[in-house]
Amino acid sequence: MYTLNLDDGYSFGLGIFETIALKNQRPVFPEEHLKRLFHSLDKLHIENPQVRELLTANRLSQEAARCPYPKGVLKISVSERNLLFSCRENTYTEGQYQRGFHVQLSPVLRNETSPLTYHKTLNYGDNILEKRRAHREAFDEPIFLNTQGQICEGATTNLFFVKKEKLFTPQTECGLLNGILRDYILRHYPVTQTVIRPEQVFDYEEIFLTNSLLGIMPVSVWNQTPLSEHALTDKLRKEYEEYLNHLI
């Protein structure tokens, strides 16, 4: 049981959170999540003197060990006067990977000029409302454009596009959070960061999504148009699973 202190994080959304995948009750990429969290706290001038002392890779391992789910998720929420941990089950299924995600463009635009866009903040209302709309309308992930009509990210995911076995992804400046799995892909494979507009989508043969909890997810339907190719996506997903097995 946590005592919640009312501060700017819980009054105005000026806080940071991280969701960390657990494998065998061990956190995946704990150092990378902590590095991003501390970077965001610094950039948004959120001062919590306890965080750097209490929030360590060892503490994450301790919290992960308490999670009762074989496939779990550890969430950390930090604001000026709060540090909270919670745990839940990771509910992505193998059936979803075999089917692939159905995605649709969102009518909500990403503000690429806002500093909040580039951090995983407690100000997450657009994402949650659009995910709820997706659930109501029976698709998996809304895709945001920025104010210039450029593709930037999903409500909870980053996007990658494949053309002639080469990888492309929207550049950070389009207005997106640099996800932990996005960073993994950028570090392990040659990727061109570029501007991609909706009318260019079908110039690519494959599309896949990434985030810490789902890993690498093929897109099988874009705005109600089926996409049948996912050979490279499947290869990257297999390599990622092998990497995790070696890592943990």
Side-chain angles (χ1 to χ4, degrees), residues 15-41 51-52 54-78 83-98 100-101 118-122 124 127-128 131 140-141 153-160 167 169 172 176-191 208-219 230 232-248:
I16 301 297
F17 76 96
E18 291 285 332
T19 48
I20 303 174
L22 304 181
K23 184 178 176 64
N24 301 325
Q25 293 184 304
R26 295 174 63 186
V28 178
F29 298 132
E31 291 85 3
E32 289 84 349
H33 280 283
L34 288 177
K35 180 179 178 181
R36 185 172 68 175
L37 186 149
F38 291 139
H39 172 74
S40 293
L41 292 176
V51 168
R52 293 188 188 276
L54 297 178
L55 197 49
T56 63
N58 185 55
R59 176 66 184 275
L60 295 188
S61 296
Q62 293 173 357
E63 295 290 338
R66 298 188 182 101
C67 186
Y69 303 105
K71 185 180 174 186
V73 179
L74 179 65
K75 181 177 180 179
I76 313 163
S77 301
V78 180
L83 171 60
L84 289 84
F85 296 91
S86 61
C87 172
R88 61 178 174 84
E89 186 176 13
N90 189 339
T91 57
Y92 291 114
T93 67
E94 182 59 30
Q96 289 175 298
Y97 294 98
Q98 296 303 316
F101 264 19
Y118 301 93
H119 303 277
K120 204 174 183 74
T121 74
L122 300 181
Y124 215 61
N127 305 61
I128 298 302
K131 286 293 282 188
D140 298 294
E141 181 76 345
E153 63 181 350
T156 61
T157 57
N158 293 123
L159 291 105
F160 287 86
L167 295 173
T169 194
T172 307
L176 58 90
L177 173 73
N178 183 28
I180 300 299
L181 257 290
R182 180 180 187 270
D183 187 60
Y184 162 86
I185 297 289
L186 294 178
R187 286 187 287 109
H188 286 82
Y189 303 95
V191 181
F208 63 88
L209 308 176
T210 63
N211 74 25
S212 293
L213 304 187
L214 59 75
I216 297 172
M217 174 68 72
V219 171
H230 48 79
L232 183 59
T233 301
D234 290 344
K235 176 177 179 289
L236 296 181
R237 183 185 169 219
K238 180 180 178 182
E239 290 174 355
Y240 175 62
E241 292 298 325
E242 291 172 350
Y243 179 83
L244 284 188
N245 289 335
H246 176 75
L247 191 67
I248 297 181

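In this text, all values refer to a predicted model and were calculated from it rather than measured experimentally.
The heavy-atom pair separating Ser212 from Ala21 by the smallest distance is O-CB, 3.4 Å. Summarising the geometry of Phe85 relative to Leu55, their closest heavy-atom pair is CZ-CD1, 3.7 Å, with the distance given to 0.1 Å. Heavy atoms only, all atoms of each residue included: Ile20 and Val28 are closest at CG2-O, 3.5 Å. When all heavy atoms of Val51 and Leu37 are compared, the pair lying nearest together is CG1-CD2, 4.5 Å. In terms of heavy atoms, Tyr240 sits closest to Gly215 at CE2-CA, 4.0 Å. Gly100 and Asp140 make their closest contact through O-OD2, 4.1 Å (heavy atoms, listed as atom of the first residue, atom of the second, distance).
A donor-acceptor pair is defined here as one N or O able to donate and one able to accept, closer than 3.5 Å; no such pair exists between the side chain of Asn178 and the backbone of Tyr118. Lys23 contributes no side-chain N or O that, together with a main-chain N or O of Pro70, makes up a donor-acceptor pair within less than 3.5 Å. Of the possible polar contacts, one joining the Gln25 side chain to the Cys67 backbone as a donor-acceptor pair under 3.5 Å is found. Side-chain atoms of Asn24 do not come within 3.5 Å of backbone N or O of Arg26 as any donor-acceptor pair. A donor-acceptor pair under 3.5 Å is formed between the side chain of Tyr97 and the backbone N or O of Leu214.
Looking only at side-chain heavy atoms (C-beta outward), His119 and Leu41 stay at 4.5 Å or farther from each other. Contact annotation: the side chain of Ile216 never approaches that of Phe160 to less than 4.5 Å [non-hydrogen atoms, C-beta and beyond]. With contacts defined as side-chain heavy-atom distances shorter than 4.5 Å, the pair Lys120/Asn127 does not qualify. Here the side chains of Leu22 and Asn90 are not in contact, with every heavy-atom distance at 4.5 Å or above.
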(Q) Could you walk me through whether Leu213 and Thr156 satisfy the side-chain contact (heavy atoms from CB on, under 4.5 Å) test, starting with their C-alpha distance in whole Å, then the side-chain angles of each, then the deciding distance to 0.1 Å, before giving a yes or no? (A) CA-CA 10 Å; Leu213 304 187; Thr156 61; over 6 Å; no
(Q) Could you go through His246 and Glu242, starting from their C-alpha distance and side-chain angles, then the distance that decides it, and tell me whether this counts as side-chain contact (heavy atoms from CB on, under 4.5 Å)? (A) CA-CA 6 Å; His246 176 75; Glu242 291 172 350; over 6 Å; no
Q: Could you walk me through whether Phe208 and Leu167 pass the side-chain contact (heavy atoms from CB on, under 4.5 Å) test, one step at a time?
A: CA-CA 10 Å; Phe208 63 88; Leu167 295 173; 3.8 Å; yes
Q: Kindly indicate, with the supporting measurements, whether the criterion salt bridge (Lys or Arg N to Asp or Glu O under 4.0 Å) is fulfilled by Glu63 and Arg66.
A: CA-CA 5 Å; Glu63 295 290 338; Arg66 298 188 182 101; 3.2 Å; yes
(Q) Run the side-chain contact (heavy atoms from CB on, under 4.5 Å) test on Phe38 and Val78 for me, step by step, so that the C-alpha distance in whole Å, both residues' side-chain angles and the decisive distance to 0.1 Å come before the verdict. (A) CA-CA 10 Å; Phe38 291 139; Val78 180; over 6 Å; no
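For Glu94, the side chain to side chain donor-acceptor pair (under 3.5 Å) partners at least two apart in sequence or on another chain are Gln98, Arg237. For Gln96, the side-chain contact (heavy atoms from CB on, under 4.5 Å) criterion is met by Tyr92, Thr93, Phe101, Met217, not counting sequence neighbours. Contacts of Thr157 classified as side chain to side chain donor-acceptor pair (under 3.5 Å), with partners at least two apart in sequence or in another chain: Glu141.
For the atom pair Ile76 CD1 and Arg59 CZ, the distance stands at 9.5 Å (nearest 0.5 Å). One distance of note links CG of Leu122 with CD1 of Ile16; it measures 7.0 Å at 0.5 Å rounding. Note that the OG1 atom of Thr172 and the CZ atom of Arg182 stand 4.0 Å from one another [nearest 0.5 Å]. Between atom CG of residue Leu74 and atom OG of residue Ser86 there is a gap of 7.0 Å, rounded to the nearest 0.5 Å.
Tested against Thr210 for a side-chain contact (heavy atoms from CB on, under 4.5 Å), the candidates Leu181, Thr169, Ile180, Leu159 yield a single pass: Leu181.
Ring geometry for Tyr243 against Tyr184 counts as tilted: the plane angle lies between 30° and 60°, on a 0 to 90° scale.
Ion pair Arg36/Glu32 not flagged as a salt bridge, since none of the NZ, NE, NH1 or NH2 atoms sits closer than 4.0 Å to an Asp/Glu carboxylate oxygen.
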